[in-house]
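The next block holds one structure in the form of structure tokens; read it before the comments.
Computed over heavy atoms, backbone and side chain alike; hydrogens, waters and symmetry mates excluded. Just so it is clear: chains get the letters A, B, ... in the order the sequence lines come, proteins before strands, and each one is counted from 1.
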Amino acid sequence: MDILEVSELNVAFPTRYGLVRASQNVNFSVKEGEICVLVGETGSGKTVIGQAILHLLPQNAKISGSILYAGEEILSISDQKFSRLRGHEISLVPQNPTDSLDPLMRCGQQIAEVLDICGTSREDQLSRTTSILSDLSFSDPELVAASYPHMLSGGMRQRLTTGIALAASPRLLIADEPTKGFDYTARKRTVDMFLDLERMGIDSILMITHDLVFAEMIADTAGVLYSGELVEFGPAADVFSSPLHPYTKGLVAALPKNGMTPMPGMSPGLARLPNGCYFHNRCATPCEENSVHPVMRKVCGRFVRCNRC
Amino acid sequence: MQPLLSVECLSKNYGHGDIFHDVSFTVDAGETIGLFGMSGSGKSTLGKCLIGLERVSSGHVLFEGVDLFTLSERKLRKLRPAMQMLFQHPEMSMDPRMRLCDSVTEPLAYHERRKRSDVFLDLLPLIAAVGLRSDLFSCYPNQLSGGEIQRAMMVKIYSLSPKLIIADEPTSMLDMSVQAQIFGLMKNLQKKNNTACVFISHDPYVMLAMCDCIGILDGVRFRMMSAEEFAEYVAILSV
């Protein structure tokens, strides 16, 4: 069953440079018990998708489309109604753990705060906090609970924000860039942690990242975003081992372990998108005509947005 | 021939045990040396010591045969244009209140006492070489992406035609495809100017792609390895 189904999601922001279309006709679904990863570069609109799901977009955003959570429409419901879901059912691990933690509050308190809102009694809060921290493989949970965020390393803060997101036992976790700036041992530990969340009752995760290596290690299904659009979506093993869209091919070839072959050019600004294929001027195998905007089509069990495939 | 940079028995401590000790290596012109280690292994501190931003506890850093730490501040200032550092956070290495055109022309305007507008005209070929449009330079850093700022940073650094560049994880905050582009650029500019480069990173595959030989900082002792030896070392690490 699909726990999350996003269809025809459009998000745009009016700016003085024109309408910035941050996300266009995005369709994907997360099945229960699955880790779905959206891979995209800076400015591809990946964070906007996560924020749209959680009703966290700024007031001036123009949103259309539909988002179903467990079969129920959540995009059009009021913020007040949604606040009953946020944290309890769908939870967010924010992008920057250092900025997302309160520097003046002890780490344990920051988890207990969530429990407090959920109505857990004072006595239980302490034991629950300790058990959450030890589940996240902190070797000394009491010590961590008593320390302040600045006393922890980047990886530990990451685990702490995950702990806060998990405190109300949500069903769906949205993790935004959980490995930004990590070295590869820390990355490996993050992978282990997310794979281990299953044991703690979280089974569906929507992960948003620009780290292709991390995505490859963890994903069941994967989507690749380019200039606000999904260009490829399907089983992760297929997408990364035999990419179909020229952009995905370029990304895979740009990985250091694959020889770091750079793609030419830069992604177009979201306010000045061309009419035809957005990737046309960077494509290694461009179509002669670039007047028709490609649509998502089903090719070999996955969806690809390319006129050539 | 005397190496461009030679490091002899360098060690550094902040008063509670050594960050690193007994680090020795040499860098010739046009060569790329990698410094590999996990977060907290002292690789950035070592990078700063090489360029004189941080004092060492013992040992010598010889740049073209001159010991950096015996020089007076005034003499050191004369050497500084020849060695440049590329930092990890591009957004933080530009002054947020200066337009990019003012930032990138500042080094030459300062060291050669020239007018910024003249300097900017001279920089246009370099700006084209890193793949930026010159109209972007009227922007402030917060209006640009990390990749664009890091490219602008390369214009700023290469404008001085340095002999040595210390690159401290220049792409760990950038996207994979942008990373590949920046590294391609660095290699091109390096070949053209015969610049030596000390490259700091925690990504073993980046090391293999960029460096001629690699020094490993892992707390025990400093070791230099050839690229082939390092490939074997990485294979063992990831098990």
Chain A heavy atoms under 4.5 Å from [X]: which part of the residue, side chain, backbone, both or neither?
X: B:Glu148; result: side chain
X: B:Ser145; result: neither
X: B:Met207; result: neither

Let me see the working for A:Arg21 and A:Glu229 under salt bridge (Lys or Arg N to Asp or Glu O under 4.0 Å), right down to the final yes or no. CA-CA 10 Å; A:Arg21 287 176 288 168; A:Glu229 289 184 323; over 6 Å; no
For the pair A:Phe233 and A:Phe28, name the ring-plane relationship: parallel under 30°, tilted 30 to 60°, perpendicular over 60°. tilted
Relative to the ring of B:Phe183, is the ring of B:Phe199 parallel (under 30°), tilted (30 to 60°) or perpendicular (over 60°)? perpendicular
Note: vs chain B, highest number of non-hydrogen pairs under 4.5 angstrom among A:Gly250, A:Gly40, A:Ala254, A:Ser153 is A:Ala254
Contact leader toward chain B among A:Gly154, A:Ala253, A:Gly265, A:Gly155, where contacts are heavy-atom pairs under 4.5 Å: A:Gly265
Pair B:Phe25 + B:Phe222: ring centers closer than 6.0 Å: yes
Going by the side chain to side chain donor-acceptor pair (under 3.5 Å) test, name the single residue among A:His245, A:Arg282, A:Glu232, A:Glu41 that passes it with A:Tyr226. A:Arg282
